[in-house]
Protein chains: 2
Amino acid sequence: MRADARRNYDKILATARIVFTERGTDSSLDEIAKRAGVGPGTLYRHFPTREALVDALMQDWTDRVAADADAAIATGLPARQMLLDWFEHFIDHITLHRGAASKICAAMDDPASPMYRKCRVMSDANRRVIDHLGADGELRPGVDAANIMRLVSGVASVADTSRTELDVRPMLEVVVDGIVRD
Amino acid sequence: MRADARRNYDKILATARIVFTERGTDSSLDEIAKRAGVGPGTLYRHFPTREALVDALMQDWTDRVAADADAAIATGLPARQMLLDWFEHFIDHITLHRGAASKICAAMDDPASPMYRKCRVMSDANRRVIDHLGADGELRPGVDAANIMRLVSGVASVADTSRTELDVRPMLEVVVDGIVRD
DNA sequence: GCTAAAACGGAGAGTGTCTCCGTATTGTTG
DNA sequence: CAACAATACGGAGACACTCTCCGTTTTAGC
């Protein structure tokens, strides 16, 4: 990659991070280009779609999300607590930029999406948590990690969409009660 | 309301119902106007925002949703079954037009939204089901109807967003397990 | 330095939202 | 059944956003 290309790539990404945080992932891409000091053509050459741009930013979290999952497992807390912690961390990450959660919901079951791979990294992290608890017999039989991921992403999406600052905890408690054996 | 106004209002609504069903609630409003044979100005005078138009269409279901809730209660089925039936019916209705579910999620906690009133009708229907089962002691203590509504709307939204035809049943089972006493 | 390859950027085409206001339609009143 | 408000229509057009094309500039290797 040529030096000027790399420079612009980085500038665009840094600007997108700011703008997406300020105004959500549906902000104008031309404006991001302008604020980054590049032409629209340059932005679209590096990131052909909005999803590709969101995907590039996701790199930051996917690693952290995966780490959070493993950290949750390492705590050895009871199933209920471990799941609640993990889910809350997960939701905190994917709602960092307004509008991202629902894009992730959509990409999760769409292998054609640029974001699909990173969704899989997060899905796999979740699977590790679920499998760990499942192996200990702490979960109801038949719990499917993929479905849990969809459900929790749905909670994130609801919280993200909602005008009012919504507490996800009560919803997560219902989900957790639906998962753990009791 | 003048006769010609009423005529156009009805034409726009009928057209919107078709277009929203074909291509979802994010279709072009100008195109709906064109297909209805009216100018854009006329559409926007009757329905100042897209939400107002969706809201007007919702009238059709809110009644049916409320009826479904009462029908579910009347069956007298065990809690698990009653809830699953009710949730599935509810989701079927609000995913009739692609994109509607997430708009409903957003409106549910936003009294300023034109759709808020109709969301309340559906929320109240849900509350009746939950309260009915709660009174019989079939639910876990502390179950909050509003949260359940958000959760189930979230499931609807996930199913609606997903490219692939997603089966909501497994997700609903988790939710139901999280609600019923066992 | 020179040259080919790579990348830039911005004008502009295409699409959608929404408004303004001159024109047309309706219903009421004498 | 005029005639006149009042009401409603509709489409031109301003504005915003997405995305592309291509003439110009920058880079890297020789």
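Here the structure is a predicted model, which means the values were calculated and not measured. Here is the naming used below: chain letters follow the sequence lines, and residue numbers restart at 1 for every chain.
Nearest-nucleotide positions on DNA chain D for B:Arg6 and A:Met1 put B:Arg6 closer to the 5' end.
Judged purely by atom type and a 3.5 angstrom limit, B:Thr25 uses its side chain to pair as donor or acceptor with the backbone of B:Arg98. For B:Arg140 (side chain) and B:Gly178 (main-chain N/O), a donor-acceptor pair under 3.5 Å exists by modelled atom type.
Within 6.0 Å of the NE2 atom in A:His89, the count of heavy atoms belonging to other residues, nucleotides or ligands does not exceed 12. More than 12 heavy-atom neighbours from other residues, nucleotides or ligands sit within 6.0 angstrom of CZ on A:Arg17. Residue B:Glu165 qualifies as open at atom CD: its count of foreign heavy atoms under 6.0 Å is 12 or below. Heavy-atom contacts from other residues, nucleotides or ligands closer than 6.0 Å to CZ of B:Arg80 number more than 12.
The pair A:Arg117-A:Asp55 fails the salt-bridge criterion, with no side-chain N (NZ, NE, NH1 or NH2) lying under 4.0 Å from an Asp/Glu carboxylate O. For B:Arg163 and A:Asp109, the salt-bridge test fails: no basic side-chain N is under 4.0 Å from an acidic carboxylate O.
Looking at residues 39-53 of chain B, you'll see B:Gly39, B:Pro40, B:Gly41, B:Thr42, B:Arg45, B:His46 sit with a heavy atom under 4.0 Å from some atom of DNA chain D. Residues from residues 7-38 of chain B that place a heavy atom under 4.0 Å from any atom of DNA chain C, listed by number: B:Arg7, B:Ser27, B:Ser28, B:Leu29, B:Asp30.
For the pair B:Arg2 CZ and D:dA8 P, the interatomic distance rounds to 6 Å; values are reported in whole Å.
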